[in-house]
Amino acid sequence: MNVQLHHVVADVTGATGLKIIRAIVAGERDPAQLAQHRERQCKNPVETIEVALRAGAAEYPEGMSATARAADHLKVLCRVMDAINAHGA
């Protein structure tokens, strides 16, 4: 699954992007279900997000492990940043 989220979500580390990424890492693969994680402030409608996710899923089904690894790296970086901020406060 080559997630094309960056084309329809302005900030993939924002509320909508992270919810969708977390759902993918948890095992959700249905673009319609993933698109339901859209937050109200997201500019694009659910249908547009679903189309972007569906296109990526059809083209690159092997990309999921890379997405999961990237999400794991993001979690580690967030923990490190939290530790740095706590130490500096």
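Throughout, numbering of the chain's residues begins at 1 and tracks the sequence.
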Identify the two heavy atoms, one from Cys42 and one from Val8, that lie closest to each other, and give their separation to 0.1 Å. SG-O, 4.2 Å
Using the rule that Ile, Leu, Val, Met, Phe, Trp and Tyr join whenever any side-chain heavy atoms are under 4.5 Å apart, tell me whether Ile21 and Leu77 fall into a single cluster. no
What's the separation between atom CZ in Arg54 and atom CD1 in Ile49, rounded to the nearest 0.5 Å? 13.0 Å
How long is the straight-line distance from NZ of Lys19 back to CD of Gln36, given to the nearest 0.5 Å? 11.5 Å
Does a side-chain heavy-atom distance below 4.5 Å link Thr16 with Asn44? no
Separation between NZ of Lys75 and CZ of Arg22, rounded to the nearest 0.5 Å: 8.0 Å
Heavy atoms only: give me the nearest Gln41-Ala15 pair and the separation to one decimal. NE2-CB, 4.4 Å
